[in-house]
Enquirer: 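The following block contains the structure, expressed as structure tokens.
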There are 2 protein chains.
Amino acid sequence: MAAQHPHPATSLRDVAARAGVSVGTVSNVLNHPTKVSAQTAERVFAAIEELGFVRNEAARQLRQGRSRSVGLIVLDIRNPFFTDVAQGVEDEVTARLRSVLLANCAEDAARESAYLDLFEEQRVDGVLISPVGDVLDRLDRLRSRGMAVVLVDRLASTESYSSVSVDDVLGGRLAVAHLLETGRRRILFVGASTEIEQVRDRLEGARQAVAECAGATLEYREIAGMHLEPALAEGQRIVALPPDERPDAVFAANDLIAIGMLQAFTLGGVSTPQDVALIGYDDIEYAAAAAIPLSSIRQPSREMGRRAAEMLLAEIESGSDGERQHIVFEPELVARASTLG
Amino acid sequence: MAAQHPHPATSLRDVAARAGVSVGTVSNVLNHPTKVSAQTAERVFAAIEELGFVRNEAARQLRQGRSRSVGLIVLDIRNPFFTDVAQGVEDEVTARLRSVLLANCAEDAARESAYLDLFEEQRVDGVLISPVGDVLDRLDRLRSRGMAVVLVDRLASTESYSSVSVDDVLGGRLAVAHLLETGRRRILFVGASTEIEQVRDRLEGARQAVAECAGATLEYREIAGMHLEPALAEGQRIVALPPDERPDAVFAANDLIAIGMLQAFTLGGVSTPQDVALIGYDDIEYAAAAAIPLSSIRQPSREMGRRAAEMLLAEIESGSDGERQHIVFEPELVARASTLG
DNA sequence: TTCCGCGTTTGAATCGTTTCAATTAACCTG
DNA sequence: CAGGTTAATTGAAACGATTCAAACGCGGAA
């Protein structure tokens, strides 16, 4: 069918022929303009225009051995925290004329692994990742192939890779200390699995805060995922409890969980913060707009993405043998009606 | 520096040497396993394993002239509606063993154009796009180069491209009809620029509904973007009005706007829905969880992404000369407390 | 024994760039 | 005007896969 190969793809060779120069010159016009005389360049540009030539990135990549792109594997694209991080990464990377391959692993180690394969086949220059599964071996391999790697928000304790993270233990402490200060004593922490580093750290912070306050107790409940729906179910469980068995405050491992629980509370007639105070984590945009404006622990999400990308690009440009850097941001308490009032 | 080229990148040739076969055979093992005897295949796999060989996608692409990837340009990655669409696309595309290049144009025609360039250079097999700027010429060119194109949610009236969209006029009608039925008469529609097709259509639907109701009025206010912040400002303006000059209902062009306005109302002591009823559009996850659960117009976002990807893949596989399809979904009213009550 | 056919395997050609040593042209300088 | 320098340009050799016509080996039929 003719329509399948309409223009048989114009290449540098065609442009060269049209402009009456060699392919090397056309390539120079595109990549080393200073090496080419003005009138030649002009002729070449005219030919490019007339033929509608567009450089074949695959060929370029093959020859150069670099791809000018970086891969970003995000834990959950539906969580606004991560889209903010991604936005920060994109800002920085595109400003430096590279492109981002954005992949969503949805907290699934299999998908994460598949995307790492993809990135490896694509020969990306660098990878930004918040590891889900056991990927350190894979990352070592990527690095030994010359790719830069920066860890985002997880496994930041791994000395051998640069990382950007937030002090989640501190964040957990801040959250629970705030609950305690506002008079709460029976604290419930809700998260999905302590296998998740963030959950573990925030819980540890919570423990530390509780330990410093006589008479305070901390309980931990595990739900099926860091998302609205499983949190809603957990909220309903709490609503169904006799009032005196309920916690008087809930610390949710992220804002999505908090919002889900708040929804259950509101529907179930448990009033916040009078009956149960509630604090989340991440301070996503929607936290302030929730049924009861949600207290939360703020992380500088976009800035984290920006800095991570910055470090990655530096590593790409300097080769992999520079110093490893570990940037640790400090979280910040944002108190709103769900704990005050 | 040695660390820069640690493994000088093992290629098919190395694998072939190690396994004692020719490069053609190794390629066949990977791409046409039936042509190769079992024991040869085994030896080759062993060599691949030992050398840690990973296929160079750029070379493969160059030779084959296809990239096995599709590009998706999303209007605003921070809007949950679009991440849902993207998720649907990804589900479908990865199930068919291709990858998605996800790009966020942030409602900016320049970025959109830059990403189209990128996709063209990458020779993606197909493009999914919700056009922002004037890109039909560009799309024609992509198609003439053999790339498939499917329009998502915008310009669906363009006969020459397959598309997935929602009947936004109907959506606008549903929203406003609902407001009128619940006794509202002075309706304010808030959107960012009628240059945006969705805004225009939803407004048109609103007009139609108002026209059918004696005594009802419709006003239109333009804000700086389809996001929380500009909506918050507009909300504050309304709060500042003398009560008798306020609208008695607001129809927001999307849920983010609605949430922003709700925030302003709540802070400013304007009660919803008593003083001002409020309805949004998209029915994002957070709508139900807002301060006052938000009425909205639901679009089947994920399904839209899935179907769009399905059509695109079909076009890629069949060549570009099949029938164009135009899938139009019907929106659905979801009434919650922000209009009831 | 020869020949045919079939299943495997081979290796050169190819995709479209970039790179780089070599060439040419042009201009100074003494 | 020869010799030297610089600036432009050339063209062939990669890069690493896929493809495909040709060669090979082997068993069975004649």
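Fair warning: this is a prediction, and the values are worked out from it, not measured in the lab. Numbers restart at 1 for each chain; the letters A, B, ... are given by sequence-line order, proteins then strands.
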Enquirer: Report the distance from atom CG of A/L101 to atom CD of B/Q122, rounding to the nearest 0.5 Å.
Expert: 7.5 Å
Enquirer: Taking only residues two or more places apart in sequence or in another chain, which ones pass side-chain hydrogen bond (donor to acceptor under 3.5 Å, both in side chains) with A/S162?
Expert: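 Testing A/S162 for side-chain hydrogen bond (donor to acceptor under 3.5 Å, both in side chains), a comparison that skips the adjacent residues, returns none.
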Enquirer: Below 3.5 Å between N/O atoms, which protein atoms pair up with nucleotides 6-10 of chain C? Just atom names and distances, please.
Expert:
| from | atom 1 | to | atom 2 | distance (Å) |
| --- | --- | --- | --- | --- |
| C/dT9 | OP1 | B/S37 | OG | 3.3 |
| C/dT9 | OP1 | B/T40 | OG1 | 2.4 |
| C/dT9 | OP2 | B/S37 | N | 3.2 |
| C/dT10 | OP2 | B/S22 | N | 2.9 |
| C/dT10 | OP2 | B/S22 | OG | 3.2 |
| C/dT10 | OP2 | B/T25 | OG1 | 2.8 |

Enquirer: Can you list everything that forms a side-chain hydrogen bond (donor to acceptor under 3.5 Å, both in side chains) with B/S37? Sequence neighbours excluded, please.
Expert: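 Result, side-chain hydrogen bond (donor to acceptor under 3.5 Å, both in side chains) vs B/S37: B/T40.
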Enquirer: For the helix from C/dT1-D/dA30 to C/dG30-D/dC1, how many degrees between its two end axes (five pairs per end), to the nearest 10°?
Expert: 60°
Enquirer: Under 4.0 Å between a side-chain N or O of B/S11 and OP1 or OP2 of D/dG16?
Expert: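 False: B/S11 side-chain N/O out of range (4.0 Å or more) of D/dG16 OP1/OP2.
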Enquirer: Compile the donor-acceptor pairs under 3.5 Å between side chains in residues 307-315 of chain B and protein atoms, sequence neighbours left out, one pair per line.
Expert:
| from | atom 1 | to | atom 2 | distance (Å) |
| --- | --- | --- | --- | --- |
| B/E310 | OE2 | B/R306 | NH1 | 3.3 |

Enquirer: Quick one: do B/N56 and A/E121 satisfy side chain to side chain donor-acceptor pair (under 3.5 Å)? Show the steps, please.
Expert: CA-CA 5 Å; B/N56 183 326; A/E121 290 185 350; over 6 Å; no
Enquirer: Tell me: CD of A/E42 to P of D/dA8, nearest whole Å?
Expert: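 One finds 15 Å between P of D/dA8 and CD of A/E42, rounded.
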Enquirer: Residues in side chain to side chain contact (heavy atoms under 4.5 Å, CB included) with A/V132, at least two apart?
Expert: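 A/V132 satisfies side chain to side chain contact (heavy atoms under 4.5 Å, CB included) with A/L75, A/C105, A/E107, A/A109, A/E112, A/R154 only.
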Enquirer: Name all residues meeting the salt bridge (charged side-chain N to carboxylate O under 4.0 Å, His left out) criterion together with A/E42; count only those two or more places apart in sequence or in a different chain, and write none if there are none.
Expert: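 Checked A/E42 against salt bridge (charged side-chain N to carboxylate O under 4.0 Å, His left out); zero matches.
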Enquirer: Between B/L51 (CG) and D/dG16 (C1'), how many Å, whole number?
Expert: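 Nearest whole value for this atom pair: 15 Å.
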Enquirer: Over how many whole Å does the gap from A/R123 atom CZ to D/dC15 atom P extend?
Expert: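 That distance rounds to 14 Å.
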Enquirer: Report the residues that fulfil side-chain hydrogen bond (donor to acceptor under 3.5 Å, both in side chains) with A/D91, sequence neighbours left out, ordered by chain and then residue number.
Expert: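 If we apply the side-chain hydrogen bond (donor to acceptor under 3.5 Å, both in side chains) test to A/D91, skipping adjacent residues, the hits are A/Q87, A/R302.
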Enquirer: Would you say A/H32 places a side-chain N or O within less than 4.0 Å of OP1 or OP2 belonging to D/dA8?
Expert: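 So the side-chain polar atoms of A/H32 never come under 4.0 Å of the phosphate oxygens OP1 or OP2 of D/dA8.
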Enquirer: Check side chain to side chain contact (heavy atoms under 4.5 Å, CB included) between A/N79 and all other residues, then give those that pass, not counting sequence neighbours.
Expert: A/D76, A/F81, A/F82, A/N254, A/L256, A/D282, A/I284
Enquirer: Does B/N31 place a side-chain N or O at less than 4.0 Å from the phosphate oxygens OP1/OP2 of D/dT18?
Expert: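 Result: yes.
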Enquirer: For DNA chain C, which residues in residues 60-71 of chain B have a heavy atom at a distance below 4.0 Å?
Expert: B/L62, B/R63
Enquirer: How many Å lie between CG on A/L30 and C1' on C/dT17, as a whole number?
Expert: 10 Å
Enquirer: Measure from CG on B/N56 to C1' on C/dT17 and round the result to the nearest Å.
Expert: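 Roughly 13 Å, once rounded to whole Å.
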Enquirer: How would you list, by chain and number, every residue that makes a salt bridge (charged side-chain N to carboxylate O under 4.0 Å, His left out) with A/D140, sequence neighbours excluded?
Expert: none
Enquirer: Take atom CZ of A/R13 and atom C1' of D/dG11, then tell me their distance rounded to the nearest Å.
Expert: 11 Å
Enquirer: Can you name the residues that form a side chain to side chain contact (heavy atoms under 4.5 Å, CB included) with A/V328, not counting sequence neighbours?
Expert: A/S165, A/D167
Enquirer: Whole Å only: how far is the CZ atom of A/R55 from the P atom of C/dG16?
Expert: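 Computing the A/R55:CZ to C/dG16:P distance gives 15 Å.
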